[in-house]
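Side chains included, hydrogens not; waters and symmetry mates left out as well; all remaining heavy atoms used.
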Amino acid sequence: MKKFIVSTVILLALGVCAFAQPRSAGLRFGFTSTEFQYQHFFGYTSFLEVDLGVDRVGDDGFKASATYNWEFAHPSWSFGAWTWYMGPGATIGYVCAKTKMDPTPGFMIGGSLQLGCECEFDFPIAISADVRPQFGYQFREGTFYDAGLLGLIPTLSVKYKF
């Protein structure tokens, strides 16, 4: 019985340690959208970022994005812990990208590329700036989602690290 209890405790401890990866949650403010952001780190050099938000290019719409990022540089600047990251992702949503040529809203699906820089402080807050252009297909008469190119305008994120 003691062996069973000890082995169960060890397995539970290993399971908790395996899932005890750093995480962060916050808000991402940009020209095209305002999003809730969640990041889950895998080891020390990669993380999954999930964003849910409101699309503000035309009328209101919504988008969900997931991006898998790799950290590729850790410069030692004067304050904070700095990190450069980049990675591919996918986006889905209902967008209302009203342009002069195409005023109708519709569902979209597409891919994205993200490039950013993050500064983590001694307290559990981090800020980051990134660009994330999105390329996709909008399901209304088969049009290209052209408003995703506005993702080349930098966005600012404020996150709580836990």
Side-chain angles (χ1 to χ4, degrees), residues 12-98 105-138 144-162:
L12 286 174
L14 289 174
V16 167
C17 290
F19 291 105
Q21 300 295 327
R23 297 173 198 52
S24 65
L27 294 175
R28 183 174 188 264
F29 303 100
F31 179 72
T32 60
S33 63
T34 301
E35 302 171 341
F36 171 76
Q37 182 178 74
Y38 174 78
Q39 291 178 342
H40 184 86
F41 287 80
F42 302 104
Y44 295 105
T45 60
S46 62
F47 61 93
L48 177 67
E49 178 178 317
V50 177
D51 300 299
L52 302 170
V54 177
D55 185 47
R56 298 183 311 194
V57 174
D59 293 333
D60 289 335
F62 64 90
K63 280 192 229 174
S65 300
T67 310
Y68 190 81
N69 293 301
W70 291 275
E71 298 176 354
F72 64 88
H74 296 277
S76 57
W77 291 337
S78 61
F79 65 93
W82 291 86
T83 303
W84 282 90
Y85 58 89
M86 67 181 296
T91 303
I92 189 168
Y94 182 81
V95 294
C96 303
K98 292 188 176 184
F107 284 95
M108 66 84 62
I109 188 168
S112 62
L113 295 171
Q114 186 169 15
L115 173 66
C117 182
E118 178 176 281
C119 178
E120 185 177 342
F121 301 102
D122 292 335
F123 46 93
I125 299 292
I127 59 170
S128 64
D130 61 53
V131 292
R132 187 178 63 200
Q134 299 170 340
F135 310 93
Y137 179 80
Q138 199 160 355
F144 178 73
Y145 177 63
D146 57 353
L149 297 178
L150 292 173
L152 289 169
I153 299 171
T155 62
L156 179 68
S157 298
V158 178
K159 299 175 282 270
Y160 175 75
K161 308 277 267 181
F162 54 95

Correct closest heavy-atom pair for Cys117 and Trp82 would be SG-CE3, 3.5 Å
Once you measure the plane-to-plane angle for Trp70 and Tyr68, does it fall in the parallel (<30°), tilted (30-60°) or perpendicular (>60°) bin? perpendicular
One should read off an interatomic distance between Gln39 CD and Lys161 NZ, to the nearest 0.5 angstrom, of 5.5 Å
Heavy-atom nearest pair, Gly87 first then Asn69, reads N-OD1, 3.2 Å
Between the CG atom in Leu48 and the OG1 atom in Thr67, the distance rounded to the nearest 0.5 Å is 8.0 Å
Nearest heavy-atom contact between Leu152 and Pro133 is CD2-CG, 3.7 Å
query: For residues Thr83 and Glu118, is any side-chain donor paired with an opposing acceptor at under 3.5 Å?
result: no
All heavy atoms of Thr155 vs all of Gly30, minimum pair found to be CG2-CA, 3.5 Å
Practice problem: Determine whether Val50 and His40 make a side-chain contact, defined as any pair of heavy atoms from C-beta on separated by less than 4.5 Å. | Solution: no
Side chains of Tyr85 and Ser128, heavy atoms from C-beta outward: is any pair under 4.5 Å? yes
**Message:** So Val54 and Phe62, do their side chains get closer than 4.5 Å, heavy atoms only?
**Reply:** no
When every non-hydrogen atom of Ser65 is compared with those of Thr91, the smallest separation belongs to OG-OG1, 3.2 Å
When every non-hydrogen atom of Leu113 is compared with those of Pro88, the smallest separation belongs to CD2-CA, 4.2 Å
Applied to residues 70-89, the salt bridge (Lys or Arg N to Asp or Glu O under 4.0 Å) test, sequence neighbours excluded, yields none
In the structure I gave you, are the side-chain heavy atoms of Val158 and Leu27 within less than 4.5 Å of one another anywhere?
no
In this structure, CG of Leu52 is separated from CD of Glu35 (nearest 0.5 Å) by 8.0 Å
OG of Ser24 to OH of Tyr160, rounded to nearest 0.5 Å, is 11.0 Å
So salt bridge (Lys or Arg N to Asp or Glu O under 4.0 Å) across residues 39-53, not counting sequence neighbours, yields Glu49-Arg132, Asp51-Arg132
To the nearest 0.5 Å, atom SG of Cys119 lies from atom CD1 of Ile125 at 12.0 Å
Residues 74-95 vs salt bridge (Lys or Arg N to Asp or Glu O under 4.0 Å), sequence neighbours excluded, gives none
- [ ] Over 60° means perpendicular and under 30° means parallel, so classify the ring planes of Phe47 and Phe41, tilted if in between.
- [x] tilted
Interatomic distance, CE@Met108 vs CD@Gln134, rounded to 0.5 Å, equals 5.5 Å
